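A short write-up of the structure that comes next.
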Protein chains: 2
Amino acid sequence: MHSLHDVSCITGTLDGVTDTRWLDEDEQRAWRAYLRMQAQLTARLGRQLQADAGLSLADYEVLVQLTDAADGRLRPFELQRCLQWEQSRLSHHLARMQRRGLVERQECPEDARGAFVAITEAGRAAIETAAPGHVATVRRLFLDHLGRDQLRTLEQLADQVTAGIDADG
Amino acid sequence: MHSLHDVSCITGTLDGVTDTRWLDEDEQRAWRAYLRMQAQLTARLGRQLQADAGLSLADYEVLVQLTDAADGRLRPFELQRCLQWEQSRLSHHLARMQRRGLVERQECPEDARGAFVAITEAGRAAIETAAPGHVATVRRLFLDHLGRDQLRTLEQLADQVTAGIDADG
DNA sequence: AGGGAATGCATGACGTGTCATGTAGGTTGT
DNA sequence: ACAACCTACATGACACGTCATGCATTCCCT
């Protein structure tokens, strides 16, 4: 009943052999439960958004940030920092969103290297259409199944892990 | 300071207008914290696996299932059920893994429609190389930052949500 | 037995994400 | 002023995921 992952493996003392501390039963169950939930949740939320509003989750996140911005526009590098995306991912994605008319580029006088990315009217319309259904789905698939205490634990847990990852380099 | 998402929106009674219950402060923070963590975690784990073993997270999951199987082989539809993947995703992915020599196809006498997918020696070697580093990374980025109580809460929470999603259709 | 429905799987098109690399424009030190 | 460096961003190649569709084979019902 044991795979690579649920046995504690104590090897000998051969040179170069690093002993691996595998996951114990509790860790294994929790980690796999998390993986299952996250995969299912992401898939469902993505499908719902795509079907009901023609947006991907990535589109949605970008549009949320632009909507929250003062002028409905941001420098790509600002967007990158708050989304925590790879630079090239953002670049490609903005190009696609521009092609679809969800965002537009604007000149940036104070730094000729870059530009502004601004949400368009179509972009605003898209996210305003998408938001109610998306929030409802987040509730139905996720929040509705959690108690307030679980919600707090989750937030704290997530913040700890995120902080650890950031600190890790 | 408010976007589409953190205000409670009570509209009038126009026909067809559905009132949306937006996320309150706690829900908003928890949900966003979760999204951040999950994005960062997935990205880091994927990069580590790719860099150290030339495998994607998807490859890894497939190989784990095949390793756990009795004969090191499964029918694609069994793999699909336990991974909870889209059928076409699995089909495409197995084709790529086959091209790379990580798995192979075997005839299935008792059902001529399908076949078996079996892990190859190269596949076994790949996951055995990958596993220690991957488990270590899961520890370092995730488990090490959690207490036993948080771990239990997470598992329970994830199971609740997953059950809810399954029940949702 | 035989015809319709369901099952197991593949494929093409297309959007998405990553890595490696390129380039124009800024900044800094001497 | 100019070289070295850094910053902001784009791009090509390629792996990955989804949807729609196609196609055998098997199942089930009469």
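Values below: all heavy atoms of this structure, side chains included; hydrogens, waters and symmetry mates excluded. A quick note: this is a predicted structure, and the numbers were derived from the prediction, not measured. Every chain is numbered from 1, with letters handed out A, B, ... down the list of sequences.
Contacts of residues 81-89 of chain B with DNA chain C (heavy atom under 4.0 Å): R81(B), Q87(B), S88(B).
A side-chain donor-acceptor contact under 3.5 Å links E104(B) and Q106(B). Side-chain contact of T162(B) with D159(B): a donor-acceptor pair under 3.5 Å is absent, judged by distance alone.
At the heavy-atom level, R105(B) lies under 4.0 Å from the strands shown only through sugar-phosphate atoms. R47(A) comes within contact range of the sugar-phosphate backbone alone, with a heavy-atom separation under 4.0 Å but no base atom that close. Within the 4.0 angstrom heavy-atom criterion, no nucleotide atom of any strand lies near A43(A). As judged by a 4.0 angstrom heavy-atom cut-off over every strand, R96(A) is placed among the base-contacting residues. When heavy atoms are screened at a 4.0 angstrom cut-off, A95(B) is found touching no nucleic acid atom at all.
For the pair L74(A) and V117(A), the minimum side-chain heavy-atom distance is 4.5 Å or more.
Taking the six-membered ring for Trp and thresholds of 30 and 60 degrees, Y34(A) and Y34(B) have ring planes more than 60 degrees apart, a perpendicular arrangement. Between W85(B) and H93(B), the ring planes lie perpendicular to each other; the angle is over 60°, past the 30° to 60° tilted range.
Computed from coordinates, the R44(B) CZ to dG17(C) C1' distance equals 17 Å when rounded to whole Å. Counting to the nearest Å, the P atom of dC9(C) and the CG atom of L74(B) are 11 Å from each other. Per the geometry, CG belonging to L79(B) stands 11 Å off P belonging to dA10(C), to the nearest Å. Between the CD atom of Q98(A) and the P atom of dG15(C) there is a distance of 15 Å, given to the nearest Å.
The nucleotide range of DNA chain D contacted by chain A, defined by atoms under 4.0 angstrom from heavy atoms of the protein and reported 5' to 3', is dT7(D) to dC19(D).
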**OP:** Apply the test side chain to side chain contact (heavy atoms under 4.5 Å, CB included) to residues M37(A) and R32(A): give CA-CA distance (whole Å), side-chain angles for both, the deciding distance (0.1 Å), then the verdict.
**Re:** CA-CA 9 Å; M37(A) 177 194 73; R32(A) 292 211 176 183; over 6 Å; no
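Within the model, atoms CD1 of I165(B) and CZ of R140(A) stand 9.5 Å from one another, a figure rounded to the nearest 0.5 Å.
At a threshold of 4.0 Å, the pair R148(B)-D24(A) counts as salt-bridged, since one of the basic side-chain nitrogens sits closer than that to a carboxylate oxygen.
Where E110(A) and L90(A) meet DNA chain C, the nucleotide closest to each residue was compared, and L90(A) sits on the side nearer the 5' end. Nearest-nucleotide positions on DNA chain D place R113(A) closer to the 5' end than the other of L94(A) and R113(A). In terms of position along DNA chain D, the nucleotide closest to G114(A) lies nearer the 5' end than the nucleotide closest to the other residue of the pair L55(B) and G114(A).
Between the side chain of H92(B) and the base of dG12(C), at least one donor-acceptor pair of N or O atoms lies under 3.5 Å.
Contacts of R29(B) classified as side chain to side chain contact (heavy atoms under 4.5 Å, CB included), with partners at least two apart in sequence or in another chain: E155(A), E25(B), D26(B).
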